[in-house]
Amino acid sequence: MTQDAPLTPEQIDQALAAELALGLLDGDDARAAQARAADDPVFACAVRDWQERLAGMAEALTPVMAPARARQGIRERLGHSQPPLASDPTARTPWWRGPFGALAGLLAVAATAAVLWLPGLQDAPATPDFQARIMSQDQSMAVMARLDGRDMEVALENGTPAQGRDWEIWWVAADGSAPVSIGLVPRDGVLRMTLPEGLEPSADIRIALSDEPQGGSPTGQATGPVMAMAPLTAL
Amino acid sequence: MNDARRSELETLIARIALGDREAFDALYDATSAKLHAVCLQVLKDRPEAEETLQEVYIRVWQSAARYASNGLSPMTWLITIARNRAIDRLRARGSRPATAPEDAAAMIACTAPGPESATIMAEERRMLDECLSRLADAQAGAVRAVYLEGVTYADLAAREGMPINTVRSWLRRSLLRLKDCVSQ
């Protein structure tokens, strides 16, 4: 702690660069140093070099895994995918970007073209009717969903959820917003419902089924694997 | 960090800048445990570290497009964001107004180094531990505490029972000695 010879101008610059990199400056000093870093490339590089140098201390820390909910929190805050539903093991690309997406896009174009160009359809109701047949690849599970205006019917055509499990129905919009649960596939008979506010039928909506604990996902987001998905097709 | 890993992380950041969520996931897998350790080291509080980690990756997603222009190695860029965020939060705890090193990293106008200086930088990293151990214990401890725990000159002055100006001069000399040692 003895006082040595005064610092040279180069040393003073280096020390200031280190202080800026470390966040040791306050108020006017901090603002002046930041302004200098923005204007003076030599000083800016000195700051950058200090950041590199000091980061070695952080790199030496033992990594600590963050809980899985941290990643989920980030995704939600960025409005990204809802990951449990996104983890369709059969799809290499995220499922919402798969062929269904392209198909839905084509259907949307076709539907628009039909409405615009076909005479006689001009007076058709604003909401066309749609259906989606959601089938597993081996066809052991098949569910039919039909929309008449905002009235929806869902019926099981083939297969049965395992004991203690239910198949949950998800409304998946193309904008990447969170899939919305619209109920459970009935084990027999037909589920009839009116679409909740905010869900607008269109050809770029997809209907997905996930395998969930009996009574449906406990979290409000799919927790089980996505078994199948299909776009709404205009009738 | 070897060149392959560096270039892998740079590629991921470049893809994230284009909005690639898979690349974002891959970057998270590759780096989150380290950045979480940084947040924990600064904050010493798990829930706060976890919350800060989320802010860090949101920041990464939002500012990936500006990464290439700052000339930092990818890991240093990430560590710097994590450290500065954590210190922001640490300082916001007290009544002290937050005067954290808020994204000085993003503002610097140093163009990217050539491969040669990247190699020199890597060598300096390897020397860092060695050189810290050559400083007096109190000096090395102060440098670590300032970087990894967000300690300020005022904290150091209180801790060492010295005036702030004396502490500042002492720490500056410690830092210069450290730099001389690693750049030998």
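Chain letters run A, B, ... following the sequence lines, proteins first and then strands; every chain starts at 1.
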>> B/T76 vs A/E52, test: side-chain hydrogen bond (donor to acceptor under 3.5 Å, both in side chains). Steps then yes/no.
In response: CA-CA 6 Å; B/T76 299; A/E52 289 288 349; 2.7 Å; yes

>> Show, in sequence, the C-alpha distance, side-chain angles and deciding distance for A/R53 and B/L178, and conclude whether the side-chain contact (heavy atoms from CB on, under 4.5 Å) test is met.
In response: CA-CA 10 Å; A/R53 215 169 270 137; B/L178 187 64; 5.8 Å; no

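When the candidates B/L128, B/D129, B/V151 are compared by the number of heavy-atom contacts under 4.5 Å with chain A, B/L128 comes out ahead. Between chain B and the options A/L7, A/V42, A/L16, A/I12, heavy-atom pairs under 4.5 Å are most frequent for A/L7.
Contacts between B/V38 and chain A at a heavy-atom distance below 4.5 Å involve backbone atoms as well as side-chain atoms. For A/R69, the parts lying near chain B are the backbone and the side chain together; criterion is any non-hydrogen pair under 4.5 Å. Looking at B/L35, neither its backbone nor its side chain comes within 4.5 Å of chain A, counting heavy atoms on both sides. With a threshold of 4.5 angstrom between heavy atoms, A/L78 approaches chain B through side-chain atoms but not through N, CA, C or O.
Contact check for B/R46 versus A/V64: side-chain heavy atoms found under the 4.5 Å cut-off. Contact of the B/L171 side chain with the A/E19 side chain is not registered, since no non-hydrogen atoms from C-beta on lie closer than 4.5 Å. Proximity of A/L24 to B/R168: side-chain heavy atoms (C-beta onward) are nowhere separated by under 4.5 Å. Here the side chains of A/L22 and B/V143 are not in contact, with every heavy-atom distance at 4.5 Å or above. A/L61 places none of its side-chain heavy atoms less than 4.5 Å from the side chain of B/L40. With contacts defined as side-chain heavy-atom distances shorter than 4.5 Å, the pair B/Y153/A/D26 does not qualify. Side-chain atoms of B/I79 and A/Q51, non-hydrogen and from C-beta on, never get closer than 4.5 Å to each other. A heavy-atom distance below 4.5 Å is not found between the side chains of A/L54 and B/R83.
What you find for A/P63 and B/A37 is that their closest heavy atoms are CA-CB, 4.1 Å. Minimum heavy-atom separation, A/P67 to B/H36: CD-CE1, 4.5 Å. Heavy-atom minimum distance, B/R172 versus A/A15: NE-CB, 3.7 Å. Nearest heavy atom pair, residue B/Y147 against residue A/A55, reads OH-CA, 3.4 Å. Residue A/A70 comes nearest to B/E50 through the heavy atom pair CB-CG, 3.9 Å, listed as atom of the first residue, atom of the second, then distance.
Rounded to the nearest 0.5 angstrom, B/D180 CG and A/Q11 CD are separated by 7.0 Å. In this structure, the separation between CD1 on B/I58 and CZ on A/R77 is 4.0 Å, given to the nearest 0.5 Å. Atom CZ of B/F24 sits about 9.0 Å away from atom CZ of A/R75, to the nearest 0.5 Å. One distance of note links CG of A/D49 with OG of B/S183; it measures 9.0 Å at 0.5 Å rounding. To the nearest 0.5 Å, the span separating CD on A/E59 from CE on B/M75 amounts to 5.5 Å.
Although no hydrogens or angles enter the test, the distance criterion places no donor-acceptor pair under 3.5 Å between the side chain of B/K179 and the main chain of A/Q14.
In the displayed structure, A/D138 atom CG is contacted under 6.0 Å by more than 12 heavy atoms of other residues, nucleotides or ligands.
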